Amino acid sequence: EGDTLTATIAVDEAFPNCPKYIQRRTLTPMEGSKTPLSAAATATRATSLSSDDVRTVSEADTLFLGTHFAEGGADATHRGGEPGFVRVLSPTQIAWPDYRGNGMFQSGGNILANPEVGVT
């Protein structure tokens, strides 16, 4: 439908999130950008934050935390708040408030079992 941008996601299991900290978004492609699901798109892996990363993280109102537990599979969890809710403690550490959630502690349990995480 013209300029409408859509995404389809298959979900095997979902836990409810409090909508209070979920920011509504309108997807708008940047001029000259790759298509959202382009095979040519690449991810950046790093063990510390650059100065540009620090600025981006410090201004964020949304964060997605990726964790994995061998017996349970992968989990992507939303964290949100007002811009600046994520604090950069050092180039290798960030912190955010622990708002009351669904009480499942899925991310925390996964991190105890496997401390390797992804943050977007």
Side-chain angles (χ1 to χ4, degrees):
E1 293 183 31
D3 293 335
T4 301
L5 186 62
T6 61
T8 303
I9 301 171
V11 178
D12 293 326
E13 179 178 59
F15 299 105
N17 281 318
C18 173
K20 181 176 180 178
Y21 297 107
I22 297 176
Q23 311 299 333
R24 184 172 296 277
R25 301 277 194 250
T26 300
L27 300 177
T28 307
M30 292 172 37
E31 186 175 323
S33 67
K34 296 179 173 84
T35 58
L37 301 177
S38 169
T42 59
T44 300
R45 298 185 84 148
T47 56
S48 64
L49 298 173
S50 70
S51 58
D52 285 342
D53 295 336
V54 168
R55 185 176 54 259
T56 299
V57 170
S58 298
E59 296 171 356
D61 64 5
T62 300
L63 174 138
F64 291 95
L65 178 66
T67 62
H68 185 268
F69 181 54
E71 289 79 24
D75 182 55
T77 307
H78 170 271
R79 300 289 191 263
E82 295 295 321
F85 85 103
V86 180
R87 293 179 297 123
V88 177
L89 305 178
S90 76
T92 60
Q93 292 183 316
I94 60 173
W96 59 88
D98 186 23
Y99 300 126
R100 186 179 194 100
N102 61 19
M104 305 274 307
F105 303 104
Q106 187 112 7
S107 298
N110 287 354
I111 292 169
L112 286 174
N114 177 3
E116 292 186 3
V117 301
V119 176
T120 299

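Predicted model, so just to flag it, every value in this text is computed and none were measured.
Contact annotation: the side chain of Thr47 never approaches that of Thr92 to less than 4.5 Å [non-hydrogen atoms, C-beta and beyond]. In this structure, the side chains of Leu89 and Ile94 stay at 4.5 Å or more apart for every pair of heavy atoms.
With hydrophobic clusters built from ILVMFWY side chains whose heavy atoms lie under 4.5 angstrom apart, Leu49 shares a cluster with Val117. No chain of hydrophobic side-chain contacts below 4.5 Å, direct or via other Ile, Leu, Val, Met, Phe, Trp or Tyr residues, connects Ile111 to Phe69. Grouping the Ile, Leu, Val, Met, Phe, Trp and Tyr side chains by contacts below 4.5 angstrom, directly or via other members, places Val119 with Val57.
Neither side chain, Asp53 nor Thr56, offers a donor N or O lying under 3.5 Å from an acceptor on the other.
In this structure, the separation between CD on Glu116 and OG1 on Thr67 is 12.0 Å, given to the nearest 0.5 Å. To the nearest 0.5 Å, the span separating CD on Glu82 from CG on Asp61 amounts to 8.0 Å. The OG1 atom of Thr77 sits 5.5 Å away from the CG atom of Leu65 when rounded to the nearest 0.5 Å.
The heavy-atom pair separating Asn114 from His68 by the smallest distance is CB-O, 3.3 Å. Contact between Phe85 and Arg79 at its shortest, heavy atoms only, is CZ-O, 3.6 Å.
Between the side chain of Asn110 and the main chain of Ser107, no donor-acceptor pair closer than 3.5 Å is present.
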